[in-house]
Amino acid sequence: MIKYSFMGKSTLLIGLLFLIFGIAYITGVLKYSELAPNPGTAIAYIALGISMILSSSFYRIINTK
């Protein structure tokens, strides 16, 4: 398992939240949300969430043994 630093864990968590809110609006689970008021914002949240999840792997703890 990859061990993340605090920055990596927080980046991953925020990315997951953006991804969840974007997908929830697109699929219709949320009819209207102040976080994602229109489909354009929801698509931007999905893209931002995916990029944050992928970039969180740069914050791994490196063991130098």
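- With values rounded to the nearest 0.5 angstrom, Ile26 atom CD1 is found 5.0 Å from Ile46 atom CD1.
- Following chains of ILVMFWY side-chain contacts shorter than 4.5 Å, one can reach Ile23 starting from Ile43, so the two form part of one hydrophobic cluster.
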Side chains of residues 47-56: which donor-acceptor partners sit under 3.5 Å, not counting sequence neighbours?
residue, atom, partner, partner atom, Å
Ser51, OG, Ala47, O, 3.3
Ser51, OG, Leu48, O, 2.9
Ser55, OG, Ser51, O, 3.1
Ser55, OG, Met52, O, 3.1
Ser56, OG, Ile53, O, 2.7

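- Cluster partners of Tyr59 are Met7, counting Ile, Leu, Val, Met, Phe, Trp and Tyr whose side-chain heavy atoms approach within less than 4.5 Å, directly or via other members.
- Interatomic distance, Tyr45 OH to Phe21 CZ, rounded to the nearest 0.5 Å: 9.0 Å.
- Heavy atoms only, all atoms of each residue included: Ala42 and Tyr25 are closest at CB-CD2, 3.7 Å.
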